[in-house]
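Hydrogens, waters and symmetry mates play no part in the numbers below; they use all other heavy atoms, side chains included. FYI, the numbering just counts along the sequence from 1.
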Amino acid sequence: MAAPNRIQIGDTLGDGSVLRLLPGGLRNAVRRLGVRRPKPRERRLMRVAAGIFPAIQNIEMMAVADGQQLLVGKTFDECCRDAKCIERALTLFEVAWQTGLTDLRPSATAAPLPWGNTRTPLGACGLSVGQGQQVFLKMAVALIFKDNRQAYERLIKFIDEKSSLARMRLLSSIDPLSLAELQTGWGRRFAELLTTKDDHYAAAVRRLKPFQVRSMRQVMEAKFVNCLEWPPDMVDAVSESFQCVEQFRDLGDFFIMLTTTEAIHAIGRWERRDITTHVNAERKKQGKAPLKGRRWDTDIAHIKRVLGTQFGILLERDAGLIDLFGELYASRIRLLSEPQRGTAIEQFQLLAKRYLAYLTSPMLEALMRPEGADGEELNFAEMIGVLEGLFMKNGLGTGFFEGAFQTEEGVRAVRNLIGEYIDMKRRGAAKANTDVAALVRDSDLFDRHLVPLMGRKKKPLPA
């Protein structure tokens, strides 16, 4: 080697110890035969790489600070067992080639290859620079995925350049079953996960469990590919909030209506109950084997059935409202027995059918807990009564519900109105069977809260 940091690759650099012992003419003939066959070519490539490795180490010693060196002080074989060392060596080789520190020749009589010519085979091994890089790239990826062989076999065909290694490290722990579902669902666009999508998105996808990916693919069908347009926090919201297959199945095609991280978290907080023991007991009575996994009953299924066509409208509203509807069902309906349960369901349906289009989460919070978390609450009948009374009261009606009702002033007025009604109950002025709707509609007891809001113009639509 002309200089300790200069890389020279001539025909003989890939020769093995036995070949070097042969006479010149015979040695050349055997070499020409060897560089035509795949296995001998790769063996020669490894000898070439070992031959230039000291020069690569010298370049690292000069170009990289002491604490950041990876190759210095290690043998070639040690570095071949470390993906980061392989990546560093490939980078330094490219730097040396680009800066003119190399002499790479297709044959003994040919001129050196110019920078960027990765297709012309080298006389030393019969492989081009590009082919040689691929051998070492695959070696590095195999090391990265040494504990996840199935994922390696699915991803190896996508490795075509050194820049892919960082993404492979990020995905090295991904479940191979998730990969299979992603490849099936995204088709040709799967490669975007490895190329154009940023690290935050890839890391979020890596955290998805196989049942989550499979369930999303099933409920979204052709629109599953739209997940590639999601921000990373949307993907994380699914992995954090949807913890059983039933949540996906019970939502069905309504899943695509969840377009914000907050909405996904909100519906993910709706209650679910492990009913595996009950189901297995029933299966045992029928002579069936127990379930292999868990079985869940979700409030998603119940609320979807109860609300009917209003369910989709609810999912289009803000996440706070979604949260509160789930809380209403869980705390004021699900645990009731008949006939109280049937009555509460009718009131829940009425709330959605008549007032969902107008409700905001602050207003529903005021109706549910007018005195705050530790104060007295209104029951369903009283909540509906307040709304019915406001809707039928002269000077309010539709105009009020489309305007001031949805403002902070409207929320404050309704909260104060309910506060006075609760005070009337405490003093005995309002009995348990009081017709709340008639009280609000016909009396002037609460007008001081409502008169300032009467005649307000309809709330303008958002731009």
Main-chain N/O of [Y] paired with [X] side-chain donor or acceptor, under 3.5 Å:
X	Y	result
Asn148	Ile174	yes
Asn416	Arg412	yes
Gln247	Cys244	yes
Arg415	Pro370	yes
Arg206	Leu170	yes
Asn117	Arg119	yes
Glu78	Thr75	yes

Hey, can you tell me if [X] and [Y] have their rings parallel, tilted or perpendicular (30° and 60° cut-offs)?
X	Y	answer
Phe391	Tyr358	tilted
Phe400	Phe405	perpendicular
Phe254	Phe311	perpendicular

Measuring centre to centre across the rings, with the benzene-like ring taken for any Trp, is Phe76 within less than 6.0 Å of Phe53?
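Yes, ring centres under 6.0 Å apart.
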Would you mind writing out the side-chain donor-acceptor pairs for residues 324-337 within the sub-3.5 Å range, not counting sequence neighbours?
{"unit_1": "Glu327", "atom_1": "OE1", "unit_2": "Arg369", "atom_2": "NH2", "d": "3.3"}
{"unit_1": "Glu327", "atom_1": "OE2", "unit_2": "Arg369", "atom_2": "NH1", "d": "2.4"}
{"unit_1": "Glu327", "atom_1": "OE2", "unit_2": "Arg369", "atom_2": "NH2", "d": "3.3"}
{"unit_1": "Tyr329", "atom_1": "OH", "unit_2": "Arg341", "atom_2": "NH2", "d": "2.8"}
{"unit_1": "Ser331", "atom_1": "OG", "unit_2": "Glu327", "atom_2": "O", "d": "2.7"}
{"unit_1": "Arg332", "atom_1": "NH1", "unit_2": "Leu378", "atom_2": "O", "d": "2.4"}
{"unit_1": "Arg332", "atom_1": "NH2", "unit_2": "Met368", "atom_2": "O", "d": "3.3"}
{"unit_1": "Arg332", "atom_1": "NH2", "unit_2": "Glu377", "atom_2": "OE1", "d": "3.2"}
{"unit_1": "Arg334", "atom_1": "NE", "unit_2": "Asp299", "atom_2": "OD1", "d": "3.3"}
{"unit_1": "Arg334", "atom_1": "NH2", "unit_2": "Glu271", "atom_2": "OE1", "d": "2.1"}

For Ser163, which residues count as a side chain to side chain donor-acceptor pair (under 3.5 Å) partner, sequence neighbours excluded?
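Testing Ser163 for side chain to side chain donor-acceptor pair (under 3.5 Å), a comparison that skips the adjacent residues, returns Glu161.
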Looking only at heavy atoms, which two atoms of Leu71 and Gln57 are closest? And how far apart?
O-NE2, 3.0 Å
For Arg154 against Leu179, the heavy-atom pair lying closest together
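Closest heavy-atom pair between Arg154 and Leu179: CD-CB, 4.0 Å.
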Do the non-hydrogen side-chain atoms of [X] and [Y] ever get within less than 4.5 Å of each other?
X	Y	result
Phe401	Leu387	yes
Tyr201	Leu228	yes
Lys74	Asp82	yes
Ile267	Leu258	yes
Gln133	Val129	yes

Under 3.5 Å, is there a donor on one side chain and an acceptor on the other for Asp297 and His302?
yes
Would you say Asp274 and Thr276 are linked by a side-chain donor-acceptor pair, where the criterion is simply a distance under 3.5 Å?
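Yes - a donor-acceptor pair under 3.5 Å links their side chains.
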Lys/Arg-Asp/Glu bridge criterion (N-O < 4.0 Å) met for [X], [Y]:
X	Y	value
Glu371	Arg426	yes
Glu246	Arg272	no
Lys425	Glu382	yes

Derivation and outcome, salt bridge (charged side-chain N to carboxylate O under 4.0 Å, His left out), residues Lys304 and Asp250:
CA-CA 8 Å; Lys304 178 181 172 183; Asp250 294 342; over 6 Å; no
I need the full list of ring-ring contact (aromatic ring centres under 6.0 Å, His included) pairs touching residues 129-179, with sequence neighbours left out, sorted by first then second residue.
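ring-ring contact (aromatic ring centres under 6.0 Å, His included) check on residues 129-179 returns Phe158-Phe190.
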Tell me whether the count of non-hydrogen atoms from other residues, nucleotides or ligands lying under 6.0 Å of CD in Gln150 goes above 12.
no
Report all side-chain donor-acceptor pairs from residues 350-357 shorter than 3.5 Å, counting only partners two or more places apart or in another chain.
{"unit_1": "Arg354", "atom_1": "NH1", "unit_2": "Glu388", "atom_2": "OE1", "d": "2.8"}
{"unit_1": "Arg354", "atom_1": "NH1", "unit_2": "Glu388", "atom_2": "OE2", "d": "2.5"}
{"unit_1": "Tyr355", "atom_1": "OH", "unit_2": "Glu388", "atom_2": "OE1", "d": "2.2"}

With sequence neighbours excluded, residues passing ring-ring contact (aromatic ring centres under 6.0 Å, His included) with Trp186
Phe224
Kindly list each side-chain donor-acceptor pair under 3.5 angstrom involving residues 209-223, sequence neighbours excluded, with atom names and distances?
{"unit_1": "Gln212", "atom_1": "OE1", "unit_2": "Lys209", "atom_2": "N", "d": "2.9"}
{"unit_1": "Gln212", "atom_1": "NE2", "unit_2": "Ser239", "atom_2": "O", "d": "3.1"}
{"unit_1": "Gln212", "atom_1": "NE2", "unit_2": "Phe242", "atom_2": "O", "d": "2.7"}
{"unit_1": "Arg214", "atom_1": "NE", "unit_2": "Glu181", "atom_2": "OE2", "d": "3.3"}
{"unit_1": "Ser215", "atom_1": "OG", "unit_2": "Phe211", "atom_2": "O", "d": "2.6"}
{"unit_1": "Arg217", "atom_1": "NE", "unit_2": "Glu181", "atom_2": "OE1", "d": "2.6"}
{"unit_1": "Arg217", "atom_1": "NH2", "unit_2": "Glu181", "atom_2": "OE1", "d": "2.8"}

